[in-house]
There are 2 protein chains.
Amino acid sequence: MPKIGMEPLRRRALIDATISAIGERGSLNVTVSEIAGRAGVSSALAHHYFGPKEELLQATMRQLLADLGHDSVAALRKATTPRERISAIIAVNFNAGQFREETVHAWLAFYVEAQNSLPLRRLLGVYARRLHSNLMSGLAPIMPRAEAGQMAEAIAAMIDGLYIRRALRDGLPNPASASGLVEDYVDAKLAQRAGAR
Amino acid sequence: MPKIGMEPLRRRALIDATISAIGERGSLNVTVSEIAGRAGVSSALAHHYFGPKEELLQATMRQLLADLGHDSVAALRKATTPRERISAIIAVNFNAGQFREETVHAWLAFYVEAQNSLPLRRLLGVYARRLHSNLMSGLAPIMPRAEAGQMAEAIAAMIDGLYIRRALRDGLPNPASASGLVEDYVDAKLAQRAGAR
DNA sequence: TATTTTTAATTGACTGGTCAATCAACAAAA
DNA sequence: TTTTGTTGATTGACCAGTCAATTAAAAATA
């Protein structure tokens, strides 16, 4: 029973189904049929809208990236001081929406797939650069540029690491304690700087 | 031209081939034939010695784990103070053998596969617990247990995160700067403690 | 308004290719 | 002649991607 204007709805449903399918399987080893089934359509329709599977995966990754970006700008808008900007970025990465198990699984799976796919690698590059520059917007005003760069690198690594550990032993790093660890690192570094002055 | 005593040699060659194949492809999407080919044998022989593919993967993971464990005990033996023990563990994870690109790729790929495989998940659990306890052996003597636990968790996350970032944009975090970031975190935390006393 | 034509949505059936796993057979050492 | 090492050939399953065919809404035409 074809109703017009289905395309955007179907695209969105297929992308959502891709995230949840990957989240459950824990890897990109999900068939197009499986994804389409979850979205309530046939695999042929998925190919109709997205072409080859690879494109559906890229669209899904872009969605994940867009969601994270949206949350980030919203959080940064509320921050007034540099220190608050740092905390805002950390908080975003561990909020309920981003730190969901299926989302974390999807990110991890995409990291692996990116080794084989230039488009996916580019998208992850966008993510890494954006995280870095967001962190720098809070760090650069309060310390020398070089030092800020190092610290942004360390914070980013810690966030990625907590994601990976979340994927492994589910539950252990809950959102609050995970962001607490990163905040604690920031506090320690800032205290060290203040003391040395 | 069958010569006796080939089994251990073949097993080892197949495991090495698995690591390098996964390292190059960047994912576990390597065929048994590809692996066997690299080891200079037929795929049938791989199945003869390891049975299903899954078992070959497990054996490979165990090998990776054993190598890391071996390096760790060697490094810890040379450390005399608690602070040196911490540095020893950090150094091991970023030394030339462990931080090779293909090794890093293999670890990452196994992290993803572990979501689907109980045996692999168990093996990664062994790794996580061992890393944690090695770090604790350096941290526990110099701070309260709870605090040491937190810090071990943070260090471990940072190490894992640097691995993931290494896999993504190859080159950027070179061994020296990667371990430098972690050492810097440890120094900041210890300075913070010393200052607060 | 009634009728025809075009366009969008949708799927079942099919194809071609890939790959893990098996097996029967063979070669050489013990 | 038994055991160990080894492989080519084959099977069976799975799956991405294609295509022709179907339905109904929308637009155009009479």
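Predicted model, so just to flag it, every value in this text is computed and none were measured. In what follows, chains are A, B, ... by sequence order, proteins preceding strands, each numbered from 1.
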Within residues 30-40 of chain A, find the residues that approach DNA chain D with a heavy atom at under 4.0 Å, and present them sorted by residue number.
A/Val30, A/Thr31, A/Val32
Between C1' of D/dG17 and CG of A/Leu14, the distance in whole Å
15 Å
Say whether, by atom type as modelled, one donor and one acceptor occur between the side chain of A/Arg10 and the main chain of A/Leu45 under 3.5 angstrom.
no
Sorted by position of nearest nucleotide on DNA chain D, 5' first, the leading residue of B/Ser43 and B/Arg10 is B/Arg10
note: A/Asn29, atom CG; D/dA16, atom C1'; distance rounded to Å ~ 13 Å
Nucleotide C/dT10, atom P - distance to CD of A/Glu7 in whole Å
10 Å
Using a 3.5 Å distance criterion without hydrogens, assess whether the side chain of B/Ser179 forms a donor-acceptor pair with backbone atoms of B/Ala176.
yes
Heavy-atom donor-acceptor pair, B/Thr103 side chain to B/Phe99 backbone, under 3.5 Å:
no
Residue A/Ile4, side-chain heavy atoms: nucleotide from D/dA25, D/dG17, C/dT11 that is nearest
D/dA25
Euclidean distance, atom CG of residue B/Leu9 to atom P of D/dT4 [Å, nearest integer]
16 Å
Give me the ring orientation class for B/Tyr127 and B/Tyr111: parallel if the planes are under 30° apart, tilted from 30 to 60°, perpendicular past 60°.
perpendicular
Between B/His105 (side chain only) and B/Gly26 (backbone N and O only), is there a donor and an acceptor less than 3.5 Å apart?
no
Neighbours of DNA chain D within residues 44-52 of chain A, by heavy-atom distance under 4.0 Å:
A/Ala44, A/His47, A/Pro52
Distance check needed: D/dC15 P versus A/Leu56 CG, whole Å only.
16 Å
Between A/Arg38 and A/Ile35, is there a donor-acceptor pair closer than 3.5 Å when you use the side chain of the first and the backbone of the second?
no
Would you call A/Glu183 and A/Arg83 a salt bridge, using N to O less than 4.0 angstrom?
yes
State whether the side chain of A/Ser137 and the backbone N or O of A/Asn134 hold a donor-acceptor pair below 3.5 Å, judged by distance alone.
yes
